[in-house]
Amino acid sequence: MIRFNRALSPVSVLSFDLDDTLYNNHPIIKSALQAQADYLETLEQWPVDSMSYWLKCRDNALKQDATLIDDVTRWRQAALLYAMTNLGFDKETAQQHAHGAYQAFADARSQITVANDVLELLASLNKQYRLIAITNGNVEVEKFNLNGMFELVLQAGPHGKAKPHSALFDTAAAKLNIPHSEILHIGDSLDTDVQGANNAGCQSVWLNNQETQYKYKGLADIEISNILALRHLVKS
């Protein structure tokens, strides 16, 4: 399914969200969280009520540094360090275990294989458009088979505030030396991807394949139910 809500103006860049847009991220995150939990459970000091303790540490880390909200990597690292320090580890040991737990998460986080038909779609689109990625997540593209697919990869935190803030779209337009209107952003979230692109003056495609309730009431320029519908953007 592909539905045009507005006619597109000329586009030179296709911007892709990553998680849950080009691959199903749910099992990947589940595996990464389990890897972190497995590490933490080797520590005698780690509490039995691990989930409530972890959420408390996340909240307290954010209270100490509100900028963590835009950087999921730094937030997880800070929460882990807070957790270790709060458990009474000395500074060096706390840093060691915080790093070990995060690394367990990060290693599992990038165990991704993007389907061949999606890779073929991107290769086809790349013949007519410049391809970039704009993500709020912390997946490391260079560690799986999207490596080398994008001219530019921008992540919330290192490269600016998280979507729906316009910062990442502003950075993309500046780095590529194009007007915002020439960027067509494709993503699964109305609240972050579509709202962010619309607010930044970019064009947007909503991949409507999640059973999620969104707050944003604006329209994407195009709505699709399958990422492969983007084949229609390729001119024969």
Side-chain angles (χ1 to χ4, degrees), residues 16-115 118 133-147 153-163 168 187-189 191-193 209-214:
F16 287 88
D17 175 54
L18 297 175
D19 297 340
D20 293 320
T21 295
L22 295 180
Y23 48 85
N24 180 4
N25 194 49
H26 297 286
I28 297 160
I29 286 294
K30 183 178 179 180
S31 176
L33 291 173
Q34 187 60 56
Q36 176 181 293
D38 289 345
Y39 180 96
L40 294 173
E41 287 171 7
T42 65
L43 306 177
E44 290 183 9
Q45 297 86 342
W46 194 250
V48 175
D49 60 337
S50 58
M51 180 54 69
S52 61
Y53 181 67
W54 171 243
L55 294 175
K56 172 187 168 185
C57 293
R58 277 175 53 88
D59 289 344
N60 287 337
L62 187 60
K63 288 176 183 177
Q64 291 181 350
D65 182 358
T67 68
L68 295 175
I69 196 70
D70 288 307
D71 191 329
V72 291
T73 294
R74 287 180 54 235
W75 191 1
R76 183 169 297 277
Q77 291 170 334
L80 286 166
L81 183 58
Y82 180 95
M84 298 305 161
T85 302
N86 193 57
L87 290 174
F89 289 110
D90 61 66
K91 182 178 180 180
E92 182 178 349
T93 306
Q95 290 175 337
Q96 173 190 333
H97 286 313
H99 175 75
Y102 180 78
Q103 200 57 52
F105 173 89
D107 289 345
R109 176 76 175 89
S110 295
Q111 295 298 311
I112 299 168
T113 301
V114 178
V118 175
I134 295 180
T135 176
N136 283 355
N138 55 358
V139 68
E140 299 174 72
V141 172
E142 66 275 9
K143 290 188 176 180
F144 61 102
N145 63 343
L146 283 180
N147 184 33
V153 177
L154 297 176
Q155 293 180 304
H159 304 123
K161 287 182 175 293
K163 298 172 291 185
L168 297 176
D188 67 290
S189 172
D191 290 343
T192 59
D193 294 303
N209 65 352
Q210 306 281 331
E211 293 185 3
T212 303
Q213 295 297 315
Y214 294 104

Next item on the list: Apply the test salt bridge (Lys or Arg N to Asp or Glu O under 4.0 Å) to residues Arg109 and Asp19: give CA-CA distance (whole Å), side-chain angles for both, the deciding distance (0.1 Å), then the verdict.
Entry: CA-CA 11 Å; Arg109 176 76 175 89; Asp19 297 340; 2.5 Å; yes

Next item on the list: For Gln64 and Asn60, test the side chains for any donor-to-acceptor distance below 3.5 angstrom and give the result as yes or no.
Entry: no

Notebook entry, point to check: With a 3.5 Å cut-off and no angle check, do the side chains of Asp107 and Gln111 form a donor-acceptor pair?
Noted result: no

Notebook entry, point to check: Hey, are the side chains of Gln155 and Thr73 touching, using non-hydrogen atoms and a 4.5 Å cut-off?
Noted result: no

Check: Can you check whether His99 reaches Met84 side chain to side chain, under 4.5 Å on heavy atoms?
Finding: no

Mind listing the closest non-hydrogen atom pair of [X] and [Y] along with its distance?
X      : Y      : result
Tyr39  : His97  : OH-ND1, 2.9 Å
Ile69  : Trp75  : CD1-CZ3, 3.8 Å
Phe105 : Asn138 : CE2-ND2, 4.0 Å
Ser110 : Lys143 : CB-CB, 3.9 Å
Ala101 : Leu80  : CB-CD2, 3.9 Å
Gly137 : Val72  : C-CG2, 4.1 Å

Note to self: How about NZ on Lys30, more than 12 heavy atoms from neighbouring residues, nucleotides or ligands closer than 6.0 Å, or not?
What the structure shows: no

Check: Counting heavy atoms not belonging to Glu142, are there more than 12 under 6.0 Å from its CD?
Finding: yes

Approximate separation, where rounding is to 0.5 Å, of [X] [atom1] and [Y] [atom2]:
X     : Y      : atom1 : atom2 : answer
Ile28 : Leu33  : CD1   : CG    : 12.0 Å
Arg58 : Leu68  : CZ    : CG    : 10.0 Å
Thr85 : Gln95  : OG1   : CD    : 8.0 Å
Thr21 : Ile134 : OG1   : CD1   : 12.0 Å
Tyr53 : Leu87  : OH    : CG    : 3.5 Å
Lys63 : Tyr82  : NZ    : OH    : 8.5 Å

Next item on the list: Decide side-chain contact (heavy atoms from CB on, under 4.5 Å) for Val153 and Leu146; before the verdict, give the C-alpha distance in whole Å, the side-chain angles of both, and the deciding distance to 0.1 Å.
Entry: CA-CA 11 Å; Val153 177; Leu146 283 180; over 6 Å; no

Donor-acceptor pair, distance only, cut-off 3.5 Å: does the side chain of [X] make one with the backbone of [Y]?
X      : Y      : answer
Asp193 : Ser189 : yes
Asp20  : Asn25  : yes
Tyr23  : Val118 : no

Checklist line | Sole candidate of Asn136, Thr192, Asp17 that passes side-chain hydrogen bond (donor to acceptor under 3.5 Å, both in side chains) when paired with Lys163 | finding: Asp17

